[in-house]
Amino acid sequence: MTTQVIVLNGGSSAGKTSLARCLQEEVLPGPWLVLGVDTLIETMPAWMASADPEQQPGGGLVLGSDGEVTVGPAFRALETAWYEGVAAMARAGARIVLDEVLLDGGDGQERLLKALGGLDVLWVGVRCDGEVAAAREAARGDRVPGMALRQAGAVHRGMRYDVEVDTTYAEPLACARAVAASIG
């Protein structure tokens, strides 16, 4: 079987999106869709991703001022449906690069594994030094300060990867080539 889904897991500002685009545009043969948790969040009602838990009936995604992200049951329900939809696209023949932040590490991997059951998945750990990710976060200006540093190590706890890349100093193309070398 050949790889149908590549899951890139790493903290905020670790370089997952740049790596995904490089895989898609420069390294992988044929068309690959790039989807990710940011895609899911962009499609949700704005009130489900805010700093005010009082504004979120059912519990969405609470973005704390210190970079902490708290996930509620309403978000988990949409995430489950999202994962099932991604899996359905892969089963229908689309090859997918999934740009993901599994905030609870191994528990998140288990939820995603359940949805992706029966598919050939390449699990990629995208690491970046927390201070470097924090500097990228500050330069971007579209993230809650502290998110990158808080997530840099936490998203990898309990995870099992087929390949890991470190984007701290490596260029996306070098990391993409390392990932491509692991594809079945």
Side-chain angles (χ1 to χ4, degrees), residues 1-43 69 79 81-106 108-130 132-137 139-140 142-143 147-148 151-184:
M1 184 178 277
T2 60
T3 300
Q4 297 161 286
V5 179
I6 299 170
V7 178
L8 306 177
N9 181 56
S12 179
S13 300
K16 298 178 307 299
T17 302
S18 296
L19 173 57
R21 290 294 176 206
C22 194
L23 283 163
Q24 181 186 50
E25 298 293 334
E26 299 184 49
V27 177
L28 298 175
W32 286 73
L33 299 176
V34 173
L35 302 169
V37 68
D38 288 343
T39 313
L40 169 62
I41 292 168
E42 288 168 9
T43 64
V69 179
E79 178 189 61
W82 169 255
Y83 286 162
E84 292 293 334
V86 169
M89 286 188 288
R91 288 187 184 100
R95 293 180 295 175
I96 297 171
V97 177
L98 187 59
D99 174 344
E100 185 60 76
V101 180
L102 295 171
L103 295 171
D104 53 355
Q109 186 175 35
E110 291 302 318
R111 283 192 308 278
L112 186 48
L113 270 168
K114 182 178 176 185
L116 299 176
L119 294 168
D120 188 359
V121 180
L122 180 73
W123 293 89
V124 181
V126 182
R127 296 187 181 270
C128 182
D129 175 78
V132 171
R136 291 176 185 171
E137 171 184 78
R140 288 175 67 171
D142 66 347
R143 295 286 190 256
M147 192 178 291
Q151 293 176 2
V155 299
H156 299 292
R157 287 193 196 108
M159 293 291 297
R160 295 175 311 279
Y161 296 119
D162 299 305
V163 62
E164 295 187 44
V165 295
D166 189 328
T167 67
T168 303
Y169 302 110
E171 292 295 320
L173 184 57
C175 293
R177 286 180 176 145
V179 171
S182 299
I183 291 176

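Hydrogens, waters and symmetry mates are skipped; everything else that's a heavy atom, side chains included, is used.
What you find for Ala133 and Ser13 is that their closest heavy atoms are O-CB, 3.5 Å. Contact between Val165 and Cys175 at its shortest, heavy atoms only, is CG1-O, 3.8 Å. Closest heavy-atom contact between Ala176 and Leu23: O-CD2, 3.5 Å.
Pairs engaging residues 4-26 under the ring-ring contact (aromatic ring centres under 6.0 Å, His included) rule: none recorded [sequence neighbours left out]. Evaluation of the side chain to side chain donor-acceptor pair (under 3.5 Å) test over residues 20-33, restricted to residues two or more places apart or in two chains, returns Arg21-Gln24. Here salt bridge (charged side-chain N to carboxylate O under 4.0 Å, His left out) pairs that include residues 2-15, with residues two or more places apart or in two chains, number zero. Residue pairs meeting the salt bridge (charged side-chain N to carboxylate O under 4.0 Å, His left out) criterion with at least one partner in residues 154-168, sequence neighbours excluded, are Glu110-Arg160, Arg127-Glu164. Pairs passing the salt bridge (charged side-chain N to carboxylate O under 4.0 Å, His left out) check and including a residue from residues 30-42, sequence neighbours excluded, read Asp38-Arg143. Contacts classified as ring-ring contact (aromatic ring centres under 6.0 Å, His included) and involving residues 158-184 (residues at least two apart or in different chains) are given here: His156-Tyr161.
Side-chain atoms of Thr167 come within 3.5 Å of backbone atoms of Ala14 as a donor-acceptor pair (strictly under, hydrogens ignored). Of the possible polar contacts, none joining the Lys16 side chain to the Asn9 backbone as a donor-acceptor pair under 3.5 Å is found.
For CZ of Arg136, the number of neighbouring non-hydrogen atoms (other residues, nucleotides, ligands) closer than 6.0 Å is greater than 12. Heavy-atom neighbours of Glu171 CD from other residues, nucleotides or ligands within 6.0 Å: at or below the threshold of 12.
By the side-chain contact (heavy atoms from CB on, under 4.5 Å) test, Ser182 is found to be paired with Leu122, Val163, residues two or more places apart in sequence or in another chain being considered.
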>> Applying side-chain contact (heavy atoms from CB on, under 4.5 Å) to Ile183 and Thr2, what does each step give before you reach the verdict?
In response: CA-CA 7 Å; Ile183 291 176; Thr2 60; over 6 Å; no
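Shown are Val34, Val121, Leu28, Leu19; of these, the side chain to side chain contact (heavy atoms under 4.5 Å, CB included) with Ile6 is made only by Leu28.
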Donor-acceptor pairs are to be reported for all side-chain atoms of residues 87-105 against protein atoms at under 3.5 Å, with residues two or more places apart or in another chain.
from, atom 1, to, atom 2, distance (Å)
Arg91, NH2, Ala115, O, 3.1
Arg91, NH2, Gly117, O, 2.6
Arg95, NH2, Pro29, O, 3.1
Asp99, OD2, Thr17, N, 3.4
Asp99, OD2, Thr17, OG1, 2.5
Glu100, OE1, Tyr83, OH, 3.1
Asp104, OD1, Gly108, N, 3.2
Asp104, OD1, Arg111, NH2, 3.1
Asp104, OD2, Arg76, NH2, 3.4
Asp104, OD2, Arg111, NH1, 2.9
Asp104, OD2, Arg111, NH2, 3.3

